[in-house]
Amino acid sequence: MGETAARSLRADAERSVRVILEAAERVLAQEPGASMEQIAAAAGVARTTIHRRFANRQALIEALASSAARQLAQAVDDGRPDTAPPLVAMHRITANVLQVKSAWAFALGLPADPGSEAAALHQDIARSCTAVLKRAQDAKLIDQAADLDWVRRVYYALIGETLYGNADGADPDTLAARIIDTLLHGAGPRA
């Protein structure tokens with residue numbers, strides 16, 4: 001019985017942290033200087049609950065950045081970067097990333113502190129992205145002479161422009177198709 005109770009307490013603590021982080025994302029996206037009290041109110045918890053989970057505002061911000069980076073890494077992994085055909089992987093990853101980045105724009109816009117979990121996850125994501133681009137290059141979808149680090153940076157820029165310029169409200173799959181088409185074919189005339 002004790003083990004079940006402990007698991008239940010852990011699950012409750014995890015839910016509490018998730019609710020706090022989700023509220024922090026919403027509040028800080030609107031007001032980056034918001035207080036812990038404002039975040040607690042948005043989460044529907046007492047300020048002491050936040051302080052029990054996070055020593056201070058900076059600890060909350062770091063946890064928020066790490067949580068968002070973990071979700072972004074999961075979005076990339078869910079696209080099956082190592083096993084799906086390169087074009088399928090690129091599309092899935094892009095659609096997944098658009099969803100996560102739109103939900104966690106504040107947290108993912110924070111500069112990752114060197115040596116932090118978030119920074120390590122972002123480096124892993126960049127390596128996965130470059131590996132998918134290499135697979136696409138090997139499949140002749142990307143020119144053999146292309147600098148894949150540059151292609152990755154252009155890809156990131158296309159995602160950023162899509163997120164901040166999506167006035168037409170298109171769904172993530174449509175936007176992903178647009179991004180991949182632009183990345184692979186540019187804006188020049190079709191042959």
Worksheet entry | Minimum side-chain heavy-atom gap Ile39-Leu28 below 4.5 Å | yes
Discussion item. How about CD on Gln74, more than 12 heavy atoms from neighbouring residues, nucleotides or ligands closer than 6.0 Å, or not?
Written reply: yes
Discussion item. Under a 4.0 Å threshold between the charged nitrogen and the carboxylate oxygen, would Arg178 count as salt-bridged to Asp181?
Written reply: no
Worksheet item: Does Phe54 have Arg57 sitting over its ring (NZ/CZ under 6.0 Å from centre, angle to axis within 45°)?
Response: no
Worksheet item: Can you name the closest pair of heavy atoms from Arg53 and Ser16 and give their distance?
Response: NE-OG, 3.8 Å
Discussion item. The criterion is side-chain contact (heavy atoms from CB on, under 4.5 Å); which residues satisfy it with Ala65, sequence neighbours excluded?
Written reply: Leu110, Ala118
Discussion item. Could you tell me if the side chain of Glu161 sits less than 4.5 Å from the side chain of Ile179, heavy atoms only?
Written reply: no
Discussion item. Tell me which pairs pass side-chain hydrogen bond (donor to acceptor under 3.5 Å, both in side chains) where either residue lies in residues 32-43, with sequence neighbours left out.
Written reply: Ser35-Glu37, Ser35-Gln38, Glu37-Arg47
Worksheet, complete the sentence: Scanning both residues in full, the closest heavy-atom pair of Leu141 with Pro86 reads CD1-CB, 4.3 Å
Practice prompt. Show your reasoning for whether side chain to side chain contact (heavy atoms under 4.5 Å, CB included) applies to Val132 and Val76.
Written response: CA-CA 10 Å; Val132 170; Val76 171; over 6 Å; no
Worksheet entry | Any pair counted as salt bridge (charged side-chain N to carboxylate O under 4.0 Å, His left out), so long as it reaches residues 19-29, sequence neighbours left out | none
Worksheet item: Do you reckon Val88 sits in the same ILVMFWY cluster as Ile142, going by side-chain contacts under 4.5 Å, direct or chained?
Response: no
Worksheet item: Are Leu184 and Leu87 side-chain neighbours, meaning at least one heavy-atom pair lies under 4.5 Å?
Response: yes
Item to complete: Identify, with sequence neighbours excluded, every residue that meets side-chain hydrogen bond (donor to acceptor under 3.5 Å, both in side chains) alongside Arg127.
Response: Asp124
Worksheet item: Tell me the salt bridge (charged side-chain N to carboxylate O under 4.0 Å, His left out) pairs involving residues 133-146, sequence neighbours left out?
Response: Lys134-Asp138
Discussion item. Holding to side-chain hydrogen bond (donor to acceptor under 3.5 Å, both in side chains), I want the full list of residues that pass it with His91, two or more places apart in sequence or in another chain.
Written reply: Asp173
Discussion item. By the side-chain hydrogen bond (donor to acceptor under 3.5 Å, both in side chains) test, which pairs, at least two apart or in different chains, include something from residues 96-108?
Written reply: Gln71-Trp104
Practice prompt. Any chance you could measure Ser116, atom OG, to His122, atom NE2, to the nearest 0.5 Å?
Written response: 7.5 Å
Worksheet item: Can you name the residues that form a side-chain hydrogen bond (donor to acceptor under 3.5 Å, both in side chains) with Gln58, not counting sequence neighbours?
Response: Glu62
Worksheet item: Got a sec, which residues hit side-chain contact (heavy atoms from CB on, under 4.5 Å) with Ala131, two or more places apart in sequence or on another chain?
Response: none
Worksheet entry | Connected via hydrophobic side-chain network under 4.5 Å: Ile180 and Val100 | yes
Response to the item:
By salt bridge (charged side-chain N to carboxylate O under 4.0 Å, His left out), Asp77 pairs with (sequence neighbours left out) none
Worksheet item: Is the closest side-chain heavy-atom distance between Leu121 and Leu72 below 4.5 Å?
Response: no
Worksheet item: In Å, rounded to the nearest 0.5 Å, how long is the span from CH2 of Trp150 to CG of Leu133?
Response: 13.5 Å
Fill in: salt bridge (charged side-chain N to carboxylate O under 4.0 Å, His left out) partners of residues 78-100, not counting sequence neighbours, each pair once
none
Worksheet item: Ser66: what forms a side-chain hydrogen bond (donor to acceptor under 3.5 Å, both in side chains) with it, not counting sequence neighbours?
Response: Glu117
Item to complete: Treating Ile, Leu, Val, Met, Phe, Trp and Tyr as nodes and any side-chain heavy-atom pair under 4.5 angstrom as an edge, say whether Ile159 and Leu108 lie in one connected cluster.
Response: yes
Item to complete: Taking the side chain as every heavy atom from C-beta outward, state whether Tyr156 and Ile125 have any atom pair closer than 4.5 Å.
Response: yes
Worksheet item: Side chains of Ile93 and Tyr155: does their closest heavy-atom pair fall under 4.5 Å?
Response: yes
Practice prompt. For atom CZ of Arg153, decide whether the heavy atoms of other residues, nucleotides or ligands shown that lie under 6.0 angstrom number more than 12.
Written response: no
Item to complete: Please report the shortest heavy-atom distance between Ala95 and Ala176, naming the atom on each side.
Response: N-CB, 3.6 Å
Fill in: Pairwise side-chain contact, Leu183 with Met90, heavy-atom cut-off 4.5 Å (strictly under)
yes
Practice prompt. Could you pull out the closest heavy-atom pair between Ala107 and Ala68, with the gap in Å?
Written response: CB-CB, 3.6 Å
Worksheet entry | Least distance between heavy atoms, Gln144 atom then Gln137 atom | NE2-O, 2.5 Å
